[in-house]
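Below, chain A is the first sequence line, B the second, and so on; all start at residue 1. Everything quoted here is computed from the prediction, not taken from an experiment.
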Amino acid sequence: MIEINPPEDFNFKECLVFLGRSDQELLHKIIDGYVFKLLKVDKELVLLKIGYKNDAIQVEFPMGEPALGAQKMAAKYVVDWFDLDQDLAGFYEIAQKDQMLHRVVSKYRGLRMIGIPDLFEALTWAIMGQQINLTFAYTLRKRFVERFGESLTFEGETYWLYPTFSRIAEIDADALRELQFTARKAEYVIGVSRAMVNEELSKEDLLRMEDYQQIHVYLTKLRGIGSWTADYVMMKCLHQRAAFPITDVGLHNAVKIQLGLERKPTLVELKVMAAGWKGWEAYSVFYLWRSLYV
DNA sequence: ATCCAGGAGTCCG
DNA sequence: CGGACTCATGGA
């Protein structure tokens, strides 16, 4: 077992609420307050059981402890996944001056940005979610994972790995159309896979840029990656606090509900609202999304 | 049936 | 850059 000291402002239960938002989720399971997650580390399948006890995050390995190096990789994954290196003090400070943020922050305090550490998963999941309702997006993802992903069954539970870009790079669009992907989405997903196989695109390269604009421009040059998708991926995978998917429909609905508006806010209204969110747009959006889950 | 959903590409001025 | 149009498929 590995213990991880959580940062200030960490609420495991709030994170679990987010992780449990879809009943079509198959990339992790929540059982009795633990998160079960299958990873591949050094070509080895490793099952993680993540819990919270005695003010510490505990990562157990139900299938047996892997080598120490692999355990450390697993711990790094958890830090990445739960955004544990982020200090939220600045966010909570600006939230105090904003009526809408103040409300969601006081409700969900300690919620971290639950990320998608795998760049390929972040990009392709975002593409799947473009312009369709979330329920159907989850259906598409489930089919995609079950068709092209790897799985392992342990003690009667089946755990899945997201498909790899090298696997998807070798299929053709029709294989995705069978799963009800539109022709466009099939092209986008395969295009991204091939870009990654060709080493034109990697998380390491993007992180090395370390400048919001540069990353955004690079991502949106890829076919199928518009501004929304680029910002979504920068939020969920690249830890860019200033990432701001301002056209996001979920954001619009959350704001509408929080402010009791008759209609969704306009882009101009959102920009005015978000003027005080500078540097913390991603967390602002994430907390507002959280407010949509009951 | 009708509206719309965690948009993107293209064309056009 | 910003608007208008088109695509595409299922949920509620």
Ser106(A) OG to Tyr92(A) OH distance, which is reported to the nearest 0.5 Å: 10.5 Å
[X] side chain N/O closer than 4.0 Å to the phosphate oxygens (OP1, OP2) of [N]?
| X | N | answer |
| --- | --- | --- |
| Gln131(A) | dA8(B) | no |
| Lys264(A) | dA5(B) | yes |
| Thr135(A) | dA5(B) | no |

Can you tell me how far [atom2] of [N] sits from [atom1] of [X], to the nearest Å?
| X | N | atom1 | atom2 | value |
| --- | --- | --- | --- | --- |
| His252(A) | dC3(B) | NE2 | C1' | 18 Å |
| Lys221(A) | dA8(B) | NZ | P | 17 Å |
| Gln24(A) | dG10(C) | CD | C1' | 12 Å |
| Ile225(A) | dT10(B) | CD1 | C1' | 17 Å |
| Leu123(A) | dA8(B) | CG | P | 12 Å |

Set out, in order, the CA-CA distance, both residues' side-chain angles and the distance that settles salt bridge (Lys or Arg N to Asp or Glu O under 4.0 Å) for Glu269(A) and Lys264(A), then state yes or no. CA-CA 10 Å; Glu269(A) 288 169 337; Lys264(A) 290 189 283 190; over 6 Å; no
Parallel, tilted or perpendicular, judged at 30° and 60°: which one describes the rings of Phe286(A) and Tyr283(A)? perpendicular
Just compare dG7(B), dG11(C), dA8(B) and give me whichever is closest to any side-chain atom of Val249(A). dG7(B)
The side chain of Arg184(A) is closest to which nucleotide in this list: dG7(B), dG10(C), dC7(C)? dC7(C)
Reckon [X] touches a base, only the sugar-phosphate, or nothing at all at heavy-atom distances under 4.0 Å?
| X | value |
| --- | --- |
| Thr229(A) | sugar-phosphate |
| Leu288(A) | nothing |
| Tyr293(A) | base |

Looking at the base of dA8(B), is there any donor atom on it, or on the side chain of Gln130(A), that sits under 3.5 Å from an acceptor on the other one? no
Does Phe18(A) belong to the same Ile/Leu/Val/Met/Phe/Trp/Tyr cluster as Trp125(A), with side-chain heavy atoms less than 4.5 Å apart forming each link?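 Yes; Trp125(A) is reachable from Phe18(A) via cluster members.
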Got a sec: does the NZ of Lys142(A) have more than 12 other heavy atoms crowding it under 6.0 Å?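 No, NZ of Lys142(A) has 12 or fewer neighbouring heavy atoms, counting only those of other groups under 6.0 Å.
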